[in-house]
Amino acid sequence: MYTAESISKILKGELLQQTGNAEIEHILLDSRKLLIPETSLFIPLVSERRNAHQYIDEMYQKGVSNFVVSEPMSTAQYPKANIILVKNSLQALHTLVAYHRHQFQIPVIGITGSNGKTIVKEWLFQLLEKDYNIVRSPKSYNSQIGVPLSVWQMKPENQMAIFEAGISQPGEMVNLEKIIRPTIGIFTNIGEAHNEGFLNIRQKVNEKLILFMKSDVLIYCKDYLALNECVNNFHNLVGKREIDNDLQLLTWSRKTDADLRIIGVDKNDNHTRIDALYKQEPLFIRIPFVDEGSIENAIHCWALMLYLGKSQAVIQERMNLLGNIAMRLEMKQGINNSTIINDSYNSDLGSLAIALEFLQQQRQHPQRTVILSDILQSGKSEGSLYEEVAGMLEKKGIQKLIGIGKNISREKQSFSKIKSSFYPTTEDFLKEVNPADFQNESILVKGARVFKFERIGKLLEQKAHQTILEINLSAIAHNVKQYQALLKPGIKLMAMVKAFSYGSGSFEIASLLQFHGVDYLAVAYADEGVELRRAGITLPIMVMNPEPSTFDAILQWNLEPELYSMHILEQFEEVVRYANKTDYPVHIKLDTGMHRLGFEQADLDQLAIRLKEDGLFKVQSIFSHLAGSEDPAMDAFTRKQAQLFTQMSALLQQQLGYAVIRHIANSAAIHRHPDLQLDMVRLGIGMYGVDSTSFQDKLRNVSTLKTTVAQLKRIPAGDTVGYGGKWKAKVPSLIATVRIGYADGYDRKLGNGNGKMMIRTKLAPVIGVVAMDMLMLDVTHIADVQEGDEVIVFGEELTVQQLAKWADTIPYEILTGISQRVKRVYFQE
Ligand SMILES: *Cc1c(COP(=O)(O)O)cnc(C)c1O
């Protein structure tokens, strides 16, 4: 049991104030994640852009009474708090959790590598959960912050721990090693991608190997040559150090001699049989997957099972039952104007907290419902477990609970403060439920795998047709962070969510951005802003194209128009005057060379006078737009625009007599012209994962447009395909008809072989002309294509930039052109 006093000792901190000695159970780093104040310890972290010490007050008001701070503070304001002062709060977090780790003498599996960490971790859990009470990292918590939060979950009843570790720059693994201190190591693989932050692949491997400094054994695949070489060097090095136990290597290979020598990989239908020699003995497993990634991940798990001495029969039986890992939390449109958030990852407290936070972030419906199964794997007594769950639900403002399972039903009295109903099994619920009981609400569907909540999802989701645009919300958050990291401290960020957030959605994206602390939103038209306000968006919203017919709505919903001409200013002035408003927030657009919208130099004097008249307006910002910030050939023009902007905005500001935010940089300018970041930047396309420079490497793919094969046809040489018979088969051919056409936004220019789609990881050309709802692909050269197969139109591997090139356009047009009949599905990893 930890208390402020014991933690202060562990951290060698200064106990500025001690008022009690209550038990501390939870570590809270993010004020938004507060769930159980009484037993939480708030550790505010400090980064270049954010200092969480500013939330101490709020956390105290909400009932937190334990703090570890790294800034001196007056304790008088917080008479009931225990406050520990340390030098560096992140360091303190690491020290505290490393101490916690050392209280346990159980096998701890540490996993690192480029890909597969999370799947290997989850599969090991599936393979071993019958034998051990296992604690593991939630989802892919593997960072400097995720790892401590994972390891802090270790409890006396755990018999095994599985944690993953990921790093993005040198120097980080030392910390993670101290916290995880794995006894068993797995190095999954090493990819060339994402070398950023490291000089080269070897430096990256060596840094990652630090995780296994004190391990008993390291499992890895020798077929990665650079990895193998680095491991051998590392092994020599570690051997020379005076460590009581040597590091044992357990290798596997598909090519050369290894402890586990793979001698056959035989794929059929939906299974793969893998044959190997282990200590000269022939063995095999069958797994219900056929892709190469899964095969590699399964062999890592296999090697570990062998190391643990599991019997051949046990290994075979469990490998055969490996299941898909649903890492995603998916958000879809539901029936009766509801929103369904599906999380079938698992049912434990950690992931429930993550899902509830997502529900809180997406606030399009005031009414929030949770459908929850029994919570498995917690090690707490049932009573206190469900009381904790009830506390979490109440904190997050959940109005309705549907509990499914024997355990949660038995503990129904814990939920007396929430409108709730209980069913012993999923079948019972499905039998009795009336779909009309769900409307205009957000519904979180969260169940352990055995409860098969997919069936509930099916019932509540709106039936969508099979062409969908998947939006990765985690990738948007990642991309925003990449740009934020480039901003000098204090510079604000305006996120451009115009045109349905470049085709990706409206309030779904805005909610995410609001949650991640962007400062401003911008939309093209007032109705887009109104939709955001209706969905609970409270950030200031600039409207770039205010039309007189929407001025009333602008005032009513507190939107901030861009004024770009005397004419529009005069019209808006009238409405503001009539509504008896003063200091109404507006934005002034200057034309510095783009010649689209904006005031010109000659307008400025008169503009200043009008803006000050009767105190009707408060200018929030002055801005202009660059015509070619991404293009080196336009750099001279960009500088000219910037100069003119500096001059014009200074003049205007001087006449206004108060400070105003100035901004001119769009996505490309943020990194290509850092001196133009001024007071605020306007982030658009980059947030959606597209950049035309090498900055692209730092971004993650956001949108994936997918469809499916409706029908396959074998046609003889000489036959033609599609309207007008534009394509003729030269040889007997296999043609796939897929469910997407120009009505979905697939450009007709992409017909006749100009465009390609990806099917079974291969490219297939679009043949003949693109029809309204369908088009045809030539799949003659692709093995095993079947009706119903998934077809990628663009995404991670086949990029939207590539598609834009084929269509002779720009990614902006493709993204914003995907029609609204294509359903958007949002997910968070
Ligand atoms: C669309 C837009 C942006 C964003 O441009 P990106 O190139 O997508 O970053 C910025 N400012 C204005 C005025 C815009 O219209």
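Hydrogens, waters and symmetry mates play no part in the numbers below; they use all other heavy atoms, side chains included. Whatever order the structure lists them in is the order used to number ligands and atoms, beginning at 1.
Taking each heavy atom of Ala522 and Met494 in turn, the nearest pair found is CB-SD, 3.8 Å.
At a 4.0 Å heavy-atom cut-off, ligand 1 does not touch Met494 at all. Contact annotation: for Lys498 versus ligand 1, heavy atoms closer than 4.0 Å belong to the side chain alone.
Considering both main-chain and side-chain atoms, Met496 never comes within under 3.5 Å of ligand 1 through any nitrogen or oxygen pair. Remark: ligand 1 and Gly684 share an N or O pair separated by less than 3.5 Å (distance only, no angle test).
In this structure, Tyr584 has its ring center at least 6.0 angstrom away from the ring center of Phe617. Two rings, from Phe645 and His663, have their centers 6.0 Å or more apart.
Note on Asp691 versus Lys698: no salt bridge recorded, every NZ/NE/NH1/NH2 to OD/OE distance being 4.0 Å or above.
No donor-acceptor pair closer than 3.5 Å links the side chain of Gln556 to the backbone N or O of Asp552.
Side chains of Glu461 and Asn342: a donor-acceptor N/O pair is present below 3.5 angstrom, by distance only.
Residue contact check for ligand 1: Arg596 places a non-hydrogen atom closer than 4.0 Å to it.
Among protein heavy atoms, the minimum distance from atom 9 (O) of ligand 1 is reached at Ser667 OG, 2.5 Å. In terms of protein heavy-atom proximity, atom 12 (C) of ligand 1 is nearest to His625 CE1, 3.4 Å. Closest to atom 7 (O) of ligand 1, if we only count protein heavy atoms, is Tyr812 OH, 2.7 Å. Here the heavy atom of the protein found nearest to atom 11 (N) of ligand 1 is Arg682 NE, 2.7 Å.
Of all atoms in ligand 1, listed by their number and element, those nearer than 4.0 Å to a heavy atom of Met544 are 13 (C), 15 (O). If you number the atoms of ligand 1 from 1 as listed, the ones under 4.0 Å from a heavy atom of Tyr502 come out as 1 (C), 4 (C), 5 (O), 6 (P), 8 (O).
Under the side-chain hydrogen bond (donor to acceptor under 3.5 Å, both in side chains) test applied with Arg739, the options Thr708, Thr467, Asp773 reduce to a single match, Thr708. In summary, of the residues considered (Tyr564, Phe599, Tyr520), a ring pair (Phe, Tyr, Trp, His ring centres under 6.0 Å) with His587 occurs for Tyr520 alone.
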